Amino acid sequence: MLHPMGWDAFGLPAEQYAVKTGVHPAITTQQNIDNFRRQMKRFGFSYDWDREVATSDPSYYRWTQWIFLKLYDKGLAYISEVPVNWCPELGTVLANEEVPEQIEKGFTVIRRPMRQWMLKITAYADRLLEDLDLLDWSDSLKEMQRNWIGKSEGAEIDFEVADTKHRIRVFTTRPDTIFGATYVVLAPEHPLVDQLSTPPQKTVVEEYKRGAALKSDMERTELAKEKTGVWSGAHAINPANGKKIPVWIADYVMVSYGTGAIMAVPGQDQRDWDFAEKFNLPIIRTVEPPADFEGKAYLGDGPAVNSGFLDGLNMDAAKNRMIEWLEKEKRGHRKIQYKLRDWLFSRQRYWGEPFPVNHLEDGTISPLPESELPLRLPDVQSYKPAGTGESPLATIEDWVHTTDAATGRKARRETNTMPQWAGSCWYYLRYCDPKNDQQFCDPEKEKYWMPVDTYIGGAEHAVLHLLYARFWHKVLYDLGYVSTKEPFMKLINQGLILGEDSQKMSKSRGNVVNPDDIINEYGADSVRLYEMFMGPLTQTKPWSTRGVEGVYRFLQRAWRLYVGPDGKLSPAVSPDDPTAEQKKVLHKTIKKVSEDIESLSFNTAIAQMMIFVNEFTPLEKRPRTVIEPFVLLLAPFAPHLAEEIWEILGHDKSLAYESFPEFDPELTVDDEVTVVLQINGKVRERMMSPKGMSKEDLERKAKEHLTKWLDSKEIVKIIVVPDKLVNVVIKG
RNA sequence: GCGGGAUUGGCGGAAUUGGCAGACGCGCCAGACUUAGGAUCUGGUGGUUUUACCGUGUGGGUUCAAAUCCCUCAUCCCGCACCA
């Protein structure tokens, strides 16, 4: 079993702190790591600290850079001009998921094209989708990943622009509705917008484009209620019926999805309907809605109408027929489209992995040879971004200007750094072989340990981290460096612990619980035990200090089971043989605790241990052969206390060397059971009965018990469930 | 809007091939010990109009029997969101 811990140590918070204070992020990062490690050790978590890694350590990021070079060699890393979330105050580009947080802090975020590294995760879209089936993950998590990848099947169709040589290519999932396409829409950023706008419309179009560029993605979405757009002045030809239809520019079409252009079918699409209504564009139904349909756009299935040769066909048949026609006429083709975009892989920051590449004077890129790795982060005077959109690295002249080792030519280093996700994409592989300086992981060790059997993590990583890591893993798999298709077989999202007020813990709400304080008050074992006792691991639940007191009392009772007030072995601990009943309690407890640990149901395992302690506390004589194994059951939950009890019991070796108790299945079953007696499904009596009594005997015995209820009533039916119940159905 | 999950005492939760609803803990009530109790121990604790009836978000259904299976609606949480 491998149970390691490491630190995803690059990233924005350390960098922002450095900008504010001038302290090197490596120093604050180290302090934070030391503090976290101290707290974890205090809890007694049994991590293998020999395998600790930190992504900001050059001996680690050397291999992050190495993997990047593999991606580059495979053509999966490229540079592109893409619109990014530019934050002028921070002087940096933000990841989509960082935008809301920064806006909340009062910063502005605008879209601006910039030269960026991209990773071609889209090349793996299909496999990332399909291989989800191999995984033992929750349905909701798989569904989130599926939605994120967003596969949809449809067609790309070319619309000729009237009186020009231009063609507008659109993507649609509903080629069957093409006869109802009454206009075409281009995203404001679509490259054809300028060429298609007719002179009289030029001004309005230009104005509209400017307005759209000022809006961030967020604002566009928020203003989604009211559709906006302008006519370009141009017309397109509907390839299905040869009709001239207007070409509009509107920001409800996104340039980054599909082809950045759509054919609008208001009859079958609510967004198009809204737009058509507002701008008085024609609406034609091409699918017959049911007679009682009262909505506007009809999205459901039905026979095609107003659709020429498609009329009468249902949706699927019409789609296929239309695609066949388009392909035959060379006006379009079947197309699978993904929502997933390529991964924007550079940040204009200091505190991240430097890219191991040089830019030569002729504009070509020269990857660093492996022997040059790691390419270390240089020290800088100021952590403030260069302000030009470049990272602080750009200000260090003697670092930026270098001689390319591969070609001997003058070169500039890449001044972008990698995003925080980079290091966390493969750390689980490094755990297998953390000190290796020849390779990122010895293949033998990789084969031995991989894949990760159980990955317990926060739900906040449901999509991004888990998708990125799966992507890198698949690339490494294709290159033969890892032996499994998927990195994480079973995945558990632990639930968030809320504040005592059932709100998210936050400093501003003042409901934060500091582990150090609670440990000081109740001890590490109480906190561990309480956190497991609160409820199912995966569930979000509120903290309760009273609840900690409860388990604290339980631990004290457990202690007193063995230890007298003088701190020595209690005289109640007896060498006598246990009764059969006492042995049964022990074995039932071993069974329950073992099985519940396996299924991560720690709360019910602890409940069973409480029952055990409640059972033995009142006894004057507590047979040692029964209560001693219990210490070993308690040990994984409350290791410190268990270890002390173990010592007081007279052992000179740590209980860590003992094996976990095993139960005797025969001793876990009761030989007498309570059988419930029902009349018409209602519980009327109960009786004790030996386990395994035959149906006939049970029925006879039940009737005796129920005489006062049965009286002279007519018995319709008797249901007997052995060892459980007897239900007598009577009439009258 | 789409997708996923949830809803059980005053509270956290337990019970899932359909078979005793409320394990265990918190809180609360009563008692014991005590100068004292925010310590410890013992007993009690779903509700009600208490021979019994009602009760697992709402309303219906299947069944001898439903927290559990089916349908309806409501509320809450998480994720995505003008993805054509």
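Computed from a predicted structure; not experimentally measured. To find a chain, count down the sequence lines: A is the first, B the second, and so on, and within it residues start at 1.
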> How does RNA chain B read in dot-bracket, base by base from 5' to 3', with Watson-Crick or G-U pairs under 3.5 Å and | used when the partner is on another strand?
Replying inline: (((((((..(((......[....)))((((((.......))))))(((...)))..(.(((..]....))).))))))))....
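- Taking atom P in both B/C53 and B/U42, one finds a spacing of 35 Å when rounded to whole Å.
- You'll find that the side chain of A/R553 is closest to B/A39, out of B/A84, B/A39, B/G4.
- Among the heavy atoms of the strands lying under 4.0 Å from A/N614 are primed sugar atoms or P, OP1, OP2 only; no base atom is included.
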> Can you check side-chain contact (heavy atoms from CB on, under 4.5 Å) on A/I157 and A/R169, steps first, answer last?
Replying inline: CA-CA 6 Å; A/I157 305 175; A/R169 175 163 289 192; over 6 Å; no
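- A donor atom on one side chain and an acceptor atom on the other are found under 3.5 Å apart for A/T122 and A/D342.
- For A/W137 and A/F488, the ring centers are positioned 6.0 Å apart or more.
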> Which parts of nucleotides 6-20 of chain B does protein reach within less than 4.0 Å, heavy atoms only, written one letter per nucleotide 5' to 3' as B for base, S for sugar-phosphate only and - for none?
Replying inline: ------BSS----BB
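- Here, B/C11 and B/G57 have their P atoms 13 Å apart, quoted to the whole Å.
- For the pair A/F275 CZ and B/A84 P, the interatomic distance rounds to 18 Å; values are reported in whole Å.
- Look at CG on A/D596: it is 12 Å from C1' on B/A23, rounded to the nearest Å.
- Residue A/K142 is classed as having no contact, given no heavy-atom separation below 4.0 Å to the nucleic acid.
- Put simply, CG on A/L464 is 12 Å from C1' on B/C80, counting in whole angstrom units.
- Whole-Å rounding puts the A/E615 CD to B/U42 C1' distance at 16 Å.
- When the P atom is compared between B/G12 and B/G19, the two are found 25 Å apart, to the nearest whole Å.
- Only the C1' atoms considered, B/A23 is 15 Å distant from B/U56, to the nearest whole Å.
- Nearest nucleotide to the A/A607 side chain, out of B/G27, B/G25, B/A23: B/A23.
- Side-chain proximity of A/T173 to B/C41, B/A84, B/G27: nearest is B/A84.
- Backbone-only contact: A/R684 has heavy atoms under 4.0 Å from sugar-phosphate atoms and none from a base.
- When every heavy atom of A/K691 is checked against every heavy atom of A/V669, the shortest pair comes out as CE-CB, 4.5 Å.
- Side-chain nitrogen and oxygen atoms of A/K339 include none within less than 4.0 Å of the OP1 or OP2 phosphate oxygen of B/C82.
- One interatomic measurement links the two molecules: CD of A/Q270 to P of B/A81, which rounds to 21 Å at whole-angstrom precision.
- Using modelled atom types and a 3.5 Å distance limit, the side chains of A/Y252 and A/D272 yield a donor-acceptor pair.
- Distance, A/K227 NZ to B/A84 C1': 11 Å, rounded to whole Å.
- Residues passing the side-chain contact (heavy atoms from CB on, under 4.5 Å) test with A/P722, sequence neighbours excluded: A/K695.
- The minimum heavy-atom distance linking A/I249 with A/V185 is given by the pair C-CG1, 4.4 Å.
- Using a 30° and 60° split on the angle between ring planes, A/H461 and A/H465 fall in the perpendicular class, above 60°.
- Base orientation for B/G9: syn, the chi torsion being within 90° of 0.
- Among the heavy atoms of the strands, none lies under 4.0 Å from A/G150.
- Shortest non-hydrogen contact noted between A/H587 and A/T668 is O-CG2, 3.5 Å.
- The two atoms that bring A/M609 and A/L633 nearest to each other are SD-O, 4.0 Å, heavy atoms only.
- Looking at heavy-atom distances under 4.0 Å, A/S256 makes no contact with the nucleic acid at all.
- The same atom, P, is picked in B/A66 and in B/G22; the two are 16 Å apart, to the nearest Å.
- For A/M254, the listed nucleotide lying nearest its side chain is B/C82; candidates were B/C80, B/C78, B/C82.
- Two residues, A/T259 and A/G550, neighbour RNA chain B, and the one matched to the more 5' nucleotide by heavy-atom proximity is A/G550.
- Atom CG of A/N680 is separated from atom C1' of B/C53 by 16 Å (rounded to the nearest Å).
- Taking atom P in both B/U16 and B/A67, the straight-line distance is 13 Å, to the nearest Å.
- Looking at A/D176, A/T286, A/T177 one by one, the single match for side-chain hydrogen bond (donor to acceptor under 3.5 Å, both in side chains) with A/Q268 turns out to be A/T286.
- Listed pair A/S152 / B/A84 meets the phosphate criterion, a side-chain N or O lying under 4.0 Å from OP1 or OP2.
- Taking atom P on both B/C29 and B/C80, the two are 46 Å apart, rounded to the nearest angstrom.
- For the pair A/K701/A/M693, a side-chain contact is recorded, criterion being any heavy-atom separation below 4.5 Å from C-beta on.
- Along RNA chain B, the nucleotide nearest to A/S140 and the one nearest to A/Q556 differ in position, and the one closer to the 5' end is contacted by A/S140.
- When the C1' atom is used for both B/C41 and B/U48, the distance is 33 Å, rounded to whole Å.
- The separation between A/M144 atom CE and B/C77 atom P is 15 Å, rounded to whole Å.
- Among the nucleotides B/C82, B/C78, B/G27, the one closest to the side chain of A/E549 is B/G27.
- Distances were taken from every side-chain heavy atom of A/R557 (C-beta onward) to each of B/U40, B/G27, B/G25; the shortest belongs to B/G25.
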